[in-house]
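Below: the structure, in structure tokens.
Any value given below was found using the heavy atoms of this structure, including those in side chains, with hydrogens, waters and symmetry copies removed. Keep in mind that this is a model prediction, so the values were computed, not measured. Throughout, protein chains are lettered first and strands after them, A, B, ... in sequence-line order, and every chain is numbered starting at 1.
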Amino acid sequence: MLLVPCPNCGPRNSADLRYGGESHARPDPATATPQQWRGYLYLRDNPAGWLRETWYCRSGCRRWFTLERNTATNEFRTPPMPGDKRGGKA
Amino acid sequence: MTMSRLGPQPTEVLDRSTKLRFRWNGKRFDGFEGDTIASALAAAGEHVFSRSMKYHRPRGILTADYWDPNLMVQVGDDPNVRAGNRLLEAGMDVRAQNVWPSLHRDIKAANSLFGRFLTAGFYYKTFMRPAWLWPTYERVLATFAPGGKIDLDTPHRYHDKRYTHPDVVVAGAGPAGIEAALAAAAAGARVLLVEHEHAVGGHLRYSSSDSDQAVLAELRAALDASEVEVLTNSTVTGRYEDNWLGIVQRNHPIAVERLIKARAKVLVAAPGLIERPYVFSGNDRPGVITSGAARRLINLWGVKPGERAVVFTANSEGDAAAADLDRVGVEIAAIIDGREGKRVSSAQGSSRALGAVVAGGNRIEADLLVVAAGWTAPTSLLNMAGDRPVHDPATARFFPSDPPGNVLATGGLAGDGTLDELRAHGAATGRLAAQRAAAVAHRLQAMTARARPVDGDEPAWAPDERTPLGRDPHPELYRSDTHGMVDFSEDVGSKDLVAAAHEGYDSVELAKRYTTSTMGPSQGKLETVNTVAAIAEARGETIAQVGTTVWRPPYAPLTLGALAGRVFEPVRVSSIHPWHEANGVSTIIAGQWMRPDHYGDPAAEVRNVRTNVGLIDVTPLGKLDLRGPDIPKLLNLLYTNKWSKLPVGKVRYGMMCAEDGVVLDDGVTGRLGEDHYLMTTTSSGAGGVWEWVENWLQTERPDWKVHVTPVTTAYVSINVAGPKARELVGRVTEGVDLSPDAFPYMEVRLATVAGVDGCFMWRIGFTGELSFEIHAPSGHGLHVWEALMDAGQDLGVGPFGLEGQRIMRLEKGHFIVGQDTDGLTLGPSTGLSPLIKLDKDDFAGMPELAWAADRSLPMIVAIQPDDPNVVPDEASQIVRGNTNEILGRITSARMSPTLGRSICLGQVEPELAAGGTKVTVLLTSGERVSATVMDHHAHFDPAGERLRG
Ligand SMILES: [Zn+2]
């Protein structure tokens, strides 16, 4: 089982967290076209390599946070501080 | 072959002063303390232990250890016990498996005659068609299935679980593994040493050399004096991401088995080598054993494995076995030296015993053939770590390639050497493991941003400067000039593999599945390399070119009991639960909760609520306490309707949709104070909605000032429902004017109930009756419930359960998210379009709901079967006339005690959604019945006069 480095709680079993998936910025609902909105809902880059993704520390500090994980090696990069706005692509 | 007990051996593990009496196929036998089941039977002269899976060929000892495929027996109600590993206990009732009528007169041995029908892919080819015959095939095949008998009445024995976080786990306690554990512990690491067998020592245990025994004694003493935790008769069964290890402990003093989940910083794989059988005609005949089996029988259990032996040896272990045999008086008829290019061609004899060995054209009379043909490197744990071991033809085995830095190999897996060299390599591995574990620990600690800061910089990742072990040349011995058995567990011969390759299944992974070779209880430990070799031969290629199957978890099979183990998930009950139990409750598990379903007669409970008053414990209802000035903004974002102008003291219903417009949850939220709200969710949605709300607040709107606290379990929730509810609640409530004008429908008050301060009370309900929902601090829940019950005796108060509530909500036509909606039900399908306010700036799912507003969607509607006595099963389909065209389905159905007829909710295509439409319901019986779509969701009191009263 993957060890996920929560910025508050430190490395924890992935079963202690909820996987939020690939980070996706939310389009402006007032102006989004169906294509843009459904891209936000369903389309993922799914790269073999570095991926920006969200996790929720459900059994610990209860923070949603963003991490970068290399999907090929499961290596994590030093996480940004909690409270970061979800980043990634528009 | 005649096995018998020898006089005491210096290395034996027996306590000959303790005799153990047991039964084998009903007959009495004696063994000694320290015997395995197999060694005791062998010492008593037994040499057939099982019948093979397909051909029911008699099988005897092959390897005399955990992996021995021929030693699976039934012990009492315990099937598939490994007699080569399981220690003998007094009173054991041991039986042969997969035999009928008996081990020695097995009728299914006739299979051998039809062997040509049972070749590779037999099952696939034969039982594919016609499909309607499959039930017959299945019955016939079941009688041929191997394995023991499962007793459904067997008592449930205790299996345990343990979690541990050692620095270093060493898998395998041979000399290299022990040295690794000792060195790592000496360097300050917390070490767990796991040994598959019953004692540490590896191959030293059954070595008759005095110097080996001296080393073993020294290592054991050092282990005893160390801080290393040693588990014997335990197996590291799997290695997962970040060195998450599964370990099955079979020697626990209380639990039958214990599954240990260990997070190791560094894993040292030191499983040693497994002796590989040799493929030749008759190689599965009783009397053909590995050199390891011979040495174990003689030196551990004092069993003489035969009287006249042929030894086929290609290595020093085979030579040592020959010496052991000679020492205990077994006549050595011939030594066939594999290093000189000599081969064994066939083992012959009666069906049950060896008579002669043919080698180099000579026939040699013998009752024992000992084979030392080479080694299989059990690289499983390295495979699981992502390594792809490479085949070295010069040593005829696989070696690690490039495992990750937190997985280190030592011992036979890493190479060959003298005992001193192996020990030195083990110790160097242990030191390296401890250094790397310290670096991992430092890194993990440093990642814990708010924890105690770590001292100093991260230690450098220690380079691997171990002196590599050498590699002793070994002839490549897989198959002789004859064909024989490759997979003893699955009865797959080299001929089957060659045939499979010729049929086109010439990739290992395909051939494995097609022939089932390597898929039996030995997990490929004995047969993988010979399987690959047979395919390589058929393809005219090398083993390296063919490649090998990837060894996956588990390293050794484990029981379902070990996997199920102890359940840590608690079942929640409300503080009222003792009252329910004392009053004849029938419970139902709903999500994490155990809830009252009914108290004997749900229909009577419904009638009592409709005429008098009832109480239901709805504690699992999700409750979120919201504080802060930006709550209206949050509610506007979460719900589809508007929340900006909810006055203090008011309650409002809302529906939540996800970003894809699909109904997510619903419930009421009340404003308790200026900046204080209480949100309720469905019981099953409580956890998910909370996480969803946190996601909005933390990631999308971090600037909003709202604090969310889940208080589901902090309050007991009681709904008081029925025409006499006001009368009852008034008797126990202080500080609130309950009159309809002062406290109307959809309002909330802070009240003192039965003397308990700080209760929230709101006028809402799911039943359609006049209702007061009371949220009382959990610790006082039982008291409040009992006070209500006491106060309402003359009013006819009674409890009602989930079933009664479900009937009443269906009478009222309230949909349940997840019951009447599904993963595709968009907001407007619920019929609540007026609550979807598309003129808001933003809310979850708004764009999808805006687009959906222009489309015609399947709708949730109330449906009544025309025959009032027909209650369709939930999920019955709604079809077009006599066709099978699906136009919808029944999502809820009950007999209504109030209306005396069946009532339903369903989802239908838009064309059927208008009131008065006739639909056809296809019952699960196949019968079609006519039903009518209703004008309103509510079957009862559509104007809602009762609940507003
Ligand atoms: Zn955390």
Side-chain angles (χ1 to χ4, degrees), chain A residues 1-15 17-18 20-21 23-38 40-42 54-67 69 72-88, chain B residues 163 165 238-246 261-263 265 386 404 440-441 443-452 454 568 637 658-662 687-688 690-703 708-710 838 840-852:
Chain A
M1 190 187 321
L2 205 57
L3 268 182
V4 181
C6 170
N8 296 308
C9 308
R12 296 180 70 110
N13 283 352
S14 57
L17 295 98
R18 169 191 286 271
S23 294
H24 250 253
R26 186 173 186 252
D28 178 356
T31 58
T33 63
Q35 236 170 357
Q36 288 168 330
W37 190 260
R38 280 154 194 168
Y40 153 67
L41 288 177
Y42 306 118
T54 61
W55 293 82
Y56 178 62
C57 191
R58 65 195 308 181
S59 306
C61 64
R62 277 118 191 216
R63 299 299 297 175
W64 283 92
F65 56 87
T66 305
L67 283 181
R69 179 174 61 97
T73 62
N74 273 336
E75 182 188 352
F76 284 100
R77 269 188 201 158
T78 314
M81 285 313 288
D84 264 17
K85 209 157 146 51
R86 276 205 279 185
Chain B
Y163 292 80
H165 299 77
R239 186 272 182 195
Y240 306 88
E241 215 58 55
D242 291 324
N243 275 344
W244 175 251
L245 308 173
K261 299 184 179 185
R263 177 72 75 179
K265 296 179 184 73
V440 172
R443 188 181 307 165
L444 292 177
Q445 179 74 28
M447 279 181 187
T448 310
R450 296 189 184 175
R452 175 175 50 83
V454 249
F568 289 102
L637 183 67
E659 289 279 67
D660 57 2
V662 169
W690 176 35
E691 290 180 7
W692 191 62
V693 175
E694 288 289 356
N695 192 4
W696 282 110
L697 285 174
Q698 291 180 29
T699 68
E700 291 292 342
R701 303 288 186 270
D703 48 323
V708 185
T709 311
L838 296 170
K840 288 200 284 182
D841 287 342
D842 187 10
F843 61 94
M846 188 177 82
E848 288 292 349
L849 292 167
W851 299 322

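From W64(A), atom CH2 reaches atom CD of E694(B) across 10.0 Å, with rounding to the nearest 0.5 Å. With rounding to the nearest 0.5 angstrom, the CG atom of L444(B) is 13.5 Å from the CZ atom of R12(A). Here the CD atom belonging to Q698(B) is positioned 10.5 Å from the OG1 atom belonging to T66(A), to the nearest 0.5 angstrom.
Only the side chain of R38(A) comes within contact range of chain B, with at least one heavy atom under 4.5 Å from a heavy atom of that chain. For chain B, the nearby parts of P34(A) are the backbone and the side chain; heavy atoms of each come within less than 4.5 Å. Looking at T33(A), the atoms closer than 4.5 Å to chain B (heavy atoms on both sides) all sit in the backbone: N, CA, C or O.
Considering every non-hydrogen atom in both Y56(A) and E691(B), the closest pair reads CE2-CG, 3.1 Å. Of all the heavy atoms in D242(B) and L3(A), the pair that sits closest is OD2-N, 2.8 Å.
No more than 12 heavy atoms of other residues, nucleotides or ligands shown are found within 6.0 angstrom of CG on D841(B).
Between N695(B) and T54(A), every side-chain heavy-atom pair lies at or beyond the 4.5 Å cut-off. Two residues are said to be in side-chain contact when any heavy atoms from C-beta on lie closer than 4.5 Å; E700(B) and R26(A) meet this criterion.
Ranked by heavy-atom pairs shorter than 4.5 Å toward chain A, the options E848(B), M846(B), E659(B) are led by E659(B). Across D28(A), T73(A), L2(A), the residue that shares the most heavy-atom pairs under 4.5 angstrom with chain B is L2(A).
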